[in-house]
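Report on the following structure.
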Amino acid sequence: MGNVAIRVEGLSKRYEIGAVQRRHDTVRDLMADKISRLVRRSEKVCPAEKAIWALKDISFEVKEGEVVGLIGSNGAGKSTLLKILSRITEPMQGRAQIHGRVGSLLEVGTGFHPELSGRDNIYLNGAILGMKRAEIARKFDEIVGFAETEKFLDTPVKHYSSGMYLRLAFAVAAHLDPQILLVDEVLAVGDVKFQKKCLGKMQDISKGKGRTILFVSHNMDAVRRLCGRCLLLSQGRLLANDNTTKVLNSYLNDAAVKSAPKKWIDVSQLNRTGTGEARFVAAQYSSLCEATGFKLYSDGPVEFLLVIDSDTAMSVGSIAVTFYSLSGVKLVNADSLTIGQVLNLSEGPNVIRFRIDKLYLNPGLYVIGLWIANPIHANRTGGEFDQVQCAFEVEVMESKRELPGKKPDADGLVTCRFELGNVCGFEARDLPPAVI
């Protein structure tokens with residue numbers, strides 16, 4: 001893993017606010033536009049208030065076989081960076097060197113022709129990646145099996161749902177053996193089962209086949225499990241380039257909103273993924289115990305009030321509140337899907353009460369994540385409506401209950417009940433030789 005697969009040096013990209021990208025029908029149009037831009041640039045510099053730096057002086061390296069996460073809030077420059085690495089757009093300054101064949105999955109159906117069938121698009125994408133027809137044919141059945149689109153293989157992809165589009169696009173990108181795989185936050189379009197399937201495949205091609213992966217995601221749990229190193233972008237600048245635990249710890253601490261019990265928390269503008277058909281706009285929490293000032297405590301109850309704004313009346317089968325550690329480890333995930341409870345939402349704002357009977361967490365700081373997905377209507381395909389992984393921080397206090405004797409200090413993230421006693425009936429011959 002000593003060779004460099006991706007080298008980025010001083011990369012910068014600036015956009016003019018309100019500028020319209022021109023279409024070039026001929027080479028003459030393209031050359032004329034470039035010349036006119038050079039003239040305009042020499043005559044007049046774009047005012048600072050009309051320019052935005054999507055990337056500013058970014059430098060890093062990715063070794064062959066590395067899986068590197070790319071995280072940051074919306075507008076941080078993650079997608080712009082991947083588009084430059086994919087040769088979709090050009091940087092204004094700096095350079096990016098790619099050593100190896102690149103497979104990109106930047107948005108649903110990237111590189112697909114809507115009028116062609118799924119079968120034809122598999123061969124088209126393989127050709128774009130520089131593969132011979134015989135190579136694609138060897139992988140064809142594996143691609144179709146992974147995508148689970150056998151029945152629609154000869155149907156034009158313009159008739160595919162977003163989920164079918166994504167399954168086929170990911171299957172092509174992952175199975176046609178690119179040496180470098182660039183994956184943007186498109187996996188959020190798929191359902192939970194497909195997301196797990198994709199993450200498993202990426203782990204397989206990175207560890208088993210030594211492929212290089214640059215993975216953009218707002219799912220911190222997926223980043224933690226998949227990536228050994230992380231890059232953190234903010235407003236076009238590289239803030240951190242370190243091991244995943246350190247970077248996630250820094251990001252979650254900065255991203256989560258500080259909170260207090262029994263106070264409404266505005267989550268409407270936070271970083272999120274999903275279609276937005278139903279979305280979290282506010283939340284509050286309480287331990288229901290006035291003696292503790294309604295602060296959360298170990299082994300005690302916790303009640304959340306969640307305000308969900310829905311575009312239409314609908315039934316949903318998965319609403320979850322998740323407790324994460326500050327390093328992004330998922331500790332408690334209370335999901336209505338596990339108890340089979342369907343929730344009916346009316347159009348507009350809805351207030352949902354969500355109660356956990358006992359919170360088995362040790363004293364400390366935790367990050368709350370919110371999730372809503374999976375419509376029940378027969379004519380819908382499912383998927384993620386809204387996920388706010390870093391919604392707000394909560395503090396869990398030590399239990400206030402009076403217990404006989406001294407309560408020992410907990411030394412783990414999650415508390416547990418246990419008993420201690422002697423085991424009788426063992427003879428010497430029943431014990432391992434090392435202890436006799």
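Values below: every heavy atom of this structure, side chains too, minus hydrogens, waters and symmetry copies. This is a predicted model, so every value here is computed, not measured.
In this view, Phe294 satisfies the ring-ring contact (aromatic ring centres under 6.0 Å, His included) rule with no residue, not counting sequence neighbours.
Taking CG from Asp242 and SG from Cys230, the interatomic distance works out to 10.0 Å, rounded to the nearest 0.5 Å. Distance CD/Glu303 to CD1/Ile356: 11.0 Å, rounded to 0.5 Å. Rounded to the nearest 0.5 angstrom, Phe354 CZ and Leu305 CG are separated by 12.0 Å. The distance from atom CG of Leu181 to atom CG of Leu214, rounded to the nearest 0.5 Å, is 9.5 Å. With values rounded to the nearest 0.5 angstrom, Ser79 atom OG is found 10.0 Å from Ile88 atom CD1. To the nearest 0.5 angstrom, Lys78 atom NZ is 11.0 Å from Leu55 atom CG.
Leu296 has its side chain within reach of Leu359: a pair of non-hydrogen atoms, C-beta onward, lies under 4.5 Å apart. At least one side-chain heavy atom of Arg87 sits under 4.5 Å from a side-chain heavy atom of Ile98. With contacts defined as side-chain heavy-atom distances shorter than 4.5 Å, the pair Asn350/Ser310 qualifies. By the 4.5 Å heavy-atom criterion applied to side chains, Lys13 and Thr89 are counted as neighbours. Residues Val68 and Phe60 are not in side-chain contact: their nearest non-hydrogen atoms beyond the backbone lie 4.5 Å or more apart. Annotation: side chain of Ile122 is in contact with side chain of Val144 (closest heavy-atom distance under 4.5 Å). Taking the side chain as every heavy atom from C-beta outward, Val388 and Asn271 never approach each other to under 4.5 Å. Contact annotation: the side chain of Leu343 approaches that of Ile352 to within less than 4.5 Å [non-hydrogen atoms, C-beta and beyond].
A donor-acceptor pair under 3.5 Å links the side-chain atoms of Arg279 to the main chain of Gly276, judged by distance alone. Judged by distance alone, with hydrogens and angles left aside, the side-chain atoms of Ser217 form no donor-acceptor pair with the main-chain N or O of Val223 at under 3.5 Å. Not one N or O on the side chain of Glu277 forms a donor-acceptor pair closer than 3.5 Å with the backbone of Asp311. For Glu142 (side chain) and Lys139 (main-chain N/O), no donor-acceptor pair under 3.5 Å exists by modelled atom type. One N or O on the side chain of Asn243 and one on the backbone of Lys246 form a donor-acceptor pair closer than 3.5 Å. Checked by atom type and distance alone, the side chain of Ser287 never pairs as donor or acceptor with a backbone atom of Val302 at under 3.5 Å. Side chain of Tyr160 to backbone of Phe152: a donor-acceptor contact under 3.5 angstrom is found. At distances below 3.5 Å, at least one donor-acceptor pair connects side-chain atoms of Arg272 with backbone N or O atoms of Val267.
Heavy-atom contacts from other residues, nucleotides or ligands closer than 6.0 Å to CZ of Arg229 number more than 12. Counting non-hydrogen atoms of neighbouring residues, nucleotides and ligands closer than 6.0 angstrom, the CD atom of Gln269 reaches no more than 12 such neighbours. The 12-atom threshold is not exceeded at CD of Gln235, counting heavy atoms of other residues, nucleotides or ligands nearer than 6.0 Å.
For the 3.5 Å distance criterion, the side chains of Asn333 and Tyr324 fail to qualify, holding no donor opposite an acceptor. In this structure, a donor-acceptor pair under 3.5 Å is absent between the side chains of Ser117 and Asn121. In this model, no donor atom of one side chain and acceptor atom of the other lie less than 3.5 Å apart for Lys330 and Thr322. Under the 3.5 Å distance criterion, with hydrogens and angles disregarded, a donor-acceptor pair is assigned to the side chains of Ser318 and Trp371.
The minimum heavy-atom distance between Glu9 and Arg7, with the atom names listed, is OE2-CD, 3.2 Å. When all heavy atoms of Gly10 and Asp57 are compared, the closest pair comes out as CA-OD1, 3.3 Å. Between Leu182 and Ser86, the closest heavy-atom pair is CD1-OG, 3.3 Å. The two residues Gly228 and Thr244 have their closest heavy-atom pair at C-OG1, 3.2 Å. Ala147 approaches Ala171 most closely through the heavy-atom pair CB-CB, 3.9 Å. Summarising the geometry of Glu393 relative to Leu365, their closest heavy-atom pair is OE1-CD1, 4.1 Å, with the distance given to 0.1 Å.
Classified by interplanar angle (parallel below 30°, tilted 30° to 60°, perpendicular above 60°), the ring pair Phe304/Phe392 is tilted.
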### Task
Go through the steps for Leu370 and Ile368 under the test side chain to side chain contact (heavy atoms under 4.5 Å, CB included), then give the verdict.
CA-CA 7 Å; Leu370 304 173; Ile368 299 298; 4.1 Å; yes
### Message
As a quick check of understanding, evaluate side chain to side chain contact (heavy atoms under 4.5 Å, CB included) for Leu85 and Val102, giving each step before the final call.
### Response
CA-CA 9 Å; Leu85 296 178; Val102 177; over 6 Å; no
### Query
Is there a side chain to side chain contact (heavy atoms under 4.5 Å, CB included) between Ile180 and Ile6 once you walk through the steps?
CA-CA 9 Å; Ile180 301 170; Ile6 302 173; 3.9 Å; yes
### Task
Could you walk me through whether Ser325 and Tyr366 pass the side chain to side chain donor-acceptor pair (under 3.5 Å) test, one step at a time?
CA-CA 5 Å; Ser325 71; Tyr366 301 92; over 6 Å; no
### Task
Take Thr273 and Glu384, measure what side chain to side chain donor-acceptor pair (under 3.5 Å) needs, and give me the verdict at the end.
CA-CA 8 Å; Thr273 58; Glu384 175 187 339; 2.5 Å; yes
#### Entry: Candidate pair Arg167 and Thr149, rule side chain to side chain contact (heavy atoms under 4.5 Å, CB included), full reasoning
CA-CA 8 Å; Arg167 291 202 300 272; Thr149 56; 4.3 Å; yes
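Under 4.0 Å is where a charged nitrogen must lie from a carboxylate oxygen, and between Lys295 and Glu395 no such pair does.
Both the sub-6.0 Å distance and the 45° axial angle are satisfied by Arg133 relative to the ring of Tyr123. Note that Lys358 lies outside the cation-pi zone of Tyr360, set by a 6.0 Å cut-off to the ring centre and a 45° limit from the axis.
Legend: salt bridge (Lys or Arg N to Asp or Glu O under 4.0 Å) pairs involving residues 118-128, not counting sequence neighbours, sorted by first then second residue: Arg119-Asp154.
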